[in-house]
Amino acid sequence: MSSSATRAAGNEAGNDVGNEAETEAEAGVAAPETRSAAGSPVRRWAGRLARPALAVASGLLLYVSFPPRPLWWLAPLALALLGRCLYGRRARAGFGLGVLHGLGFLLPLLVWTGEGVGPVPWLALVALESLLIGVTALGIALVSRLPGWPLWGAAVWIAGEALRARAPFGGFSWGKLAFGQPDGVFLPLVALGGTPLLSFAVALCGFGLYEALRVGADTRRATAALLAATAVAAPLAGALAARPLVSDAADDGTAVAAVVQGNVPRAGFDFNAQRRQVLDNHANRTIQLAQDVKLGKVPKPDFVVWPENSSDIDPFAEADAYAVIDNAVKTIGVPVAIGSVLAPETGPLRNTMILWDPVKGPVDTYDKRKIQPFGERIPMRSFVRLFSADVDRVRRDFGPGKEPGVFDMAGSGVGMVTCYEAAFDDAVRSTVQAGAQVIAVPSNNATFGRTEMTYQQLAMDRVRAVEHSRTVLVPVTSGVSAVIRPDGKIVQQTKMFTADALVAEIPLRSTETPATRFGPLVEYLLLAVAAAGLGWTLARRIGRAS
């Protein structure tokens, strides 16, 4: 290649345009900004740092798009910036830029994981998840050289989310693009294809935005411009077409539901030191609710749901706790779901929801199936102890349940999805398929104080409401508790660290959305698209090498 041709290719690659940029990236030629900054050291370093800085900025922008801020529209822009960073890059550069994007996104998003235990767990989790995002970005960089790359890149992003939802230690789904979209225009797509389709729409739109800016109005690239425009328009059109799937009609009549937030003595990990006070708080607030019913202040509920850990004292082992709960349930006079910790003589602890009847007492239980690693169980305990003695706060691991739990509460099928489980597609879907007409997400966020964690989880619950077209009841020990309609709208919510009770008439629904009916099928199809894109990239490389 002549020197003039080399300069031309360098100029185009610096703007991420031109086939020469793709050819040089595949051949391993140095980054164009390094060559173009042959002048002063300051310009040289500025050229080298520009793209990493942009990767971090894209992560920060994605974080800002998440609740409690209603800035969902920033997510496609964040993905467009990430696309700018990754387009035409070599695999190694893609990995590094992806890690930087992950750090910019997850360091602020997950800061609550260090609440009360210091920075070590937070930094370790962020580092691990950022490495997985780096692997995802590596794949996006590889497929960015293909025609119509936003499609392949968005599918690879979903492959990365699928990996993070499953590994390691059972996965960690926090930070899915879908969970930042409870107020977004793309939300109806979750009823069609679940959270994978919703995340895919955001990523496709973002990468399409960058591609549209890259090819611009260049008439020589009409096909590329058309594909870019389609990548932006298709998610919007799909969301509009899926809008009829979002409904809060009462298929099976209505019920009056109540959620109780008893509050805790104090925030942080040590609130459990006053377990009896937590139980008394919830019992007393339920008794107050019964008084409010008698005074006509609120309608009488058909059933009541308490939060996770509302009775960390095992009522089957402690007669006093049994009596306190039984008295509260008899006073309100309707079935109550109680969040408790059961401590059998042998084996692991159980994070259990207990269905308590005002006449028969405890009649059914549900054991939480998704047990939080490093929270409710400690993998590699002896190794982790080298870094943090806080692992010994969990003296005895919890064990997972095996079956979904749907309580018959005064004729309503109320499905239990306990706290952390709301982040996992299969846990929520299996509960709805087991007959839940209403989803309850009893939670305990007192450990995390006044951080954004409770709002991030509330956003998940809103997405789940639309995904499965069910009312979602969210009783939380310290807030924010809420009642969410099947269209994702919050109709009532509490303040944090305030004892309260919410009473609302809610629709009972049995209609299955396509997302409920077909489950992970859309995710599997998108994984196949990602595999096809990566396979095509490999085939092109082999063809060029031969």
* To do: For this output row, return yes or no: ring centroids of Trp356 and Tyr322 closer than 6.0 angstrom.
  => yes
**Asked** Between Ser58 and Leu79, is any pair of side-chain heavy atoms under 4.5 Å apart?
**Response** no
Give the C-alpha distance, both sets of side-chain angles, the deciding distance and a yes or no for side-chain contact (heavy atoms from CB on, under 4.5 Å) between Asp357 and Val329. CA-CA 7 Å; Asp357 185 85; Val329 176; over 6 Å; no
Original post:
Tell me, do Leu279 and Asp312 make a side-chain contact under 4.5 Å, heavy atoms counted?
Top reply: no
Q) Are a donor atom and an acceptor atom from the side chains of Glu115 and Thr451 found within less than 3.5 Å of each other? A) no
So ring-ring contact (aromatic ring centres under 6.0 Å, His included) across residues 329-355, not counting sequence neighbours, yields none
Problem set entry | Minimum side-chain heavy-atom gap Tyr63-Leu107 below 4.5 Å | no
Between Asn444 and Glu308 the two heavy atoms that sit nearest each other are N-OE1, 3.0 Å
Would you say Arg350's side chain and Val341's backbone share a donor-acceptor pair under 3.5 angstrom? no
message = Looking only at the side chains, is there a donor atom on one of Gln457 and Asp461 sitting less than 3.5 Å from an acceptor on the other?
response = no
Residue pairs passing the ring-ring contact (aromatic ring centres under 6.0 Å, His included) test with at least one member in residues 177-201, sequence neighbours excluded, are none
Could you check whether any side-chain N or O of Ser199 sits under 3.5 Å from a backbone N or O of Pro196, counting only pairs where one atom can act as donor and the other as acceptor? no
CG of Asn327 to OG1 of Thr331, rounded to nearest 0.5 Å, is 4.0 Å
Tell me whether the rings of His282 and Trp306 are parallel (<30°), tilted (30 to 60°) or perpendicular (>60°). tilted
Check your understanding: Under 4.0 Å between a Lys/Arg side-chain N and an Asp/Glu carboxylate O for Lys370 and Asp426?
Key -> yes
With sequence neighbours left out, the residues meeting salt bridge (Lys or Arg N to Asp or Glu O under 4.0 Å) with Asp326 are Lys330
### Query
Can you check whether Val259 reaches Val474 side chain to side chain, under 4.5 Å on heavy atoms?
no
Any side-chain heavy-atom pair from Leu110 and Leu125 closer than 4.5 angstrom?
yes
With sequence neighbours left out, the residues meeting side-chain hydrogen bond (donor to acceptor under 3.5 Å, both in side chains) with Gln261 are Ser481, Thr494
The complete set of ring-ring contact (aromatic ring centres under 6.0 Å, His included) pairs with one or both residues in residues 499-523, sequence neighbours excluded, reads none
Output yes when a side-chain donor or acceptor of Ser130 lies under 3.5 Å from a complementary backbone atom of Ala127, and no otherwise.
-> no
- Item | No-hydrogen, no-angle side-chain donor-acceptor test under 3.5 Å, Glu505 and Thr254 | yes
To the nearest 0.5 Å, atom CG of Leu192 lies from atom OG1 of Thr513 at 8.5 Å
If you draw a 6.0 Å radius around CD in Glu403, do more than 12 non-hydrogen atoms from other residues or ligands fall strictly inside? no
Closest non-hydrogen atoms of Met416 and Ala337, given as atom of the first, atom of the second and distance, are CE-CB, 4.2 Å
Near Arg243 CZ, under 6.0 Å, is it more than 12 heavy atoms from other residues, nucleotides or ligands?
no
Sorted by chain and number, sequence neighbours left out, side-chain hydrogen bond (donor to acceptor under 3.5 Å, both in side chains) with Asp408 holds for none
Query raised in the report: Mind checking whether Phe66 and Tyr455 have ring centres under 6.0 Å apart?
Result: no
| Is the side chain of Ser340 donor-acceptor paired with the backbone N or O of Ser311 at a distance under 3.5 Å, no angle test? | yes
Check: Charged N to carboxylate O below 4.0 Å: is that the case for Lys368 and Glu421?
Finding: no
Problem set entry | Close side-chain approach of Val334 and Val304, heavy atoms under 4.5 Å | yes
Sorted by chain and residue number, the side-chain hydrogen bond (donor to acceptor under 3.5 Å, both in side chains) partners of Asn263 (sequence neighbours excluded) come out as none
Salt bridge (Lys or Arg N to Asp or Glu O under 4.0 Å) filter on Arg69, not counting sequence neighbours, yields Glu452
Q.
Between Gln492 and Val503 (side chain of the first, backbone of the second, donor and acceptor by atom type, cut-off under 3.5 Å), is there such a pair?
A. yes
CZ of Arg275 to OG of Ser310, rounded to nearest 0.5 Å, is 13.0 Å
Ala328 and Thr286 have their tightest heavy-atom pair at O-CG2, 3.9 Å
Sorted by chain and residue number, the salt bridge (Lys or Arg N to Asp or Glu O under 4.0 Å) partners of Asp364 (sequence neighbours excluded) come out as none
Rounded to the nearest 0.5 Å, the CG atom of Leu62 sits from the CG atom of Leu109 at a distance of 8.0 Å
- Task: Ignoring hydrogens and angles, tell me if any N or O in the side chain of Thr431 forms a donor-acceptor pair with the backbone of Arg429 under 3.5 Å.
- Result: no
When rounded to the nearest 0.5 Å, the distance separating CG of Leu198 from CG of Leu187 is 6.5 Å
Minimal heavy-atom distance between Pro514 and Leu245, with the atoms involved, is CD-CD2, 4.0 Å
side-chain contact (heavy atoms from CB on, under 4.5 Å) evaluation trace for Val202 with Trp72:
CA-CA 10 Å; Val202 177; Trp72 59 268; over 6 Å; no
Worksheet item: Can you check whether Pro507 reaches Arg470 side chain to side chain, under 4.5 Å on heavy atoms?
Response: no
Output for pair (Arg517 CZ, Thr511 OG1), nearest 0.5 Å, gives 9.0 Å
Q.
Between Asp500 and Arg285 (salt bridge meaning N to carboxylate O under 4.0 Å), is one present in this structure?
A. yes
Residues 165-192 vs side-chain hydrogen bond (donor to acceptor under 3.5 Å, both in side chains), sequence neighbours excluded, gives Arg166-Glu523, Trp174-Gln456, Lys176-Thr195, Lys176-Asp425, Asp183-Arg462
Those residues at least two apart in sequence (or on a different chain) that pass side-chain hydrogen bond (donor to acceptor under 3.5 Å, both in side chains) with Thr498 are none
Practice problem: Flag the pair Ile484 / Thr471 as yes when at least one side-chain heavy-atom distance between them is below 4.5 Å, and no otherwise. | Solution: no
- Message: Can a donor-acceptor pair be found, under 3.5 Å and without considering hydrogens, that links the side chain of Ser469 to the backbone of Val466?
- Response: no
* Is it true that atom CD of Glu318 has more than 12 heavy atoms of other residues, nucleotides or ligands lying nearer than 6.0 Å? -> no
Closest non-hydrogen atoms of Pro315 and Leu342, given as atom of the first, atom of the second and distance, are CD-CD2, 4.3 Å
Residue set satisfying side-chain contact (heavy atoms from CB on, under 4.5 Å) with Lys297, at least two apart, ordered chain then number -> Asp292, Leu295
The salt bridge (Lys or Arg N to Asp or Glu O under 4.0 Å) partner of Arg509 among Asp487, Asp251, Asp252 is Asp251
Nearest heavy-atom contact between Phe303 and Ala255 is CE2-CB, 4.1 Å
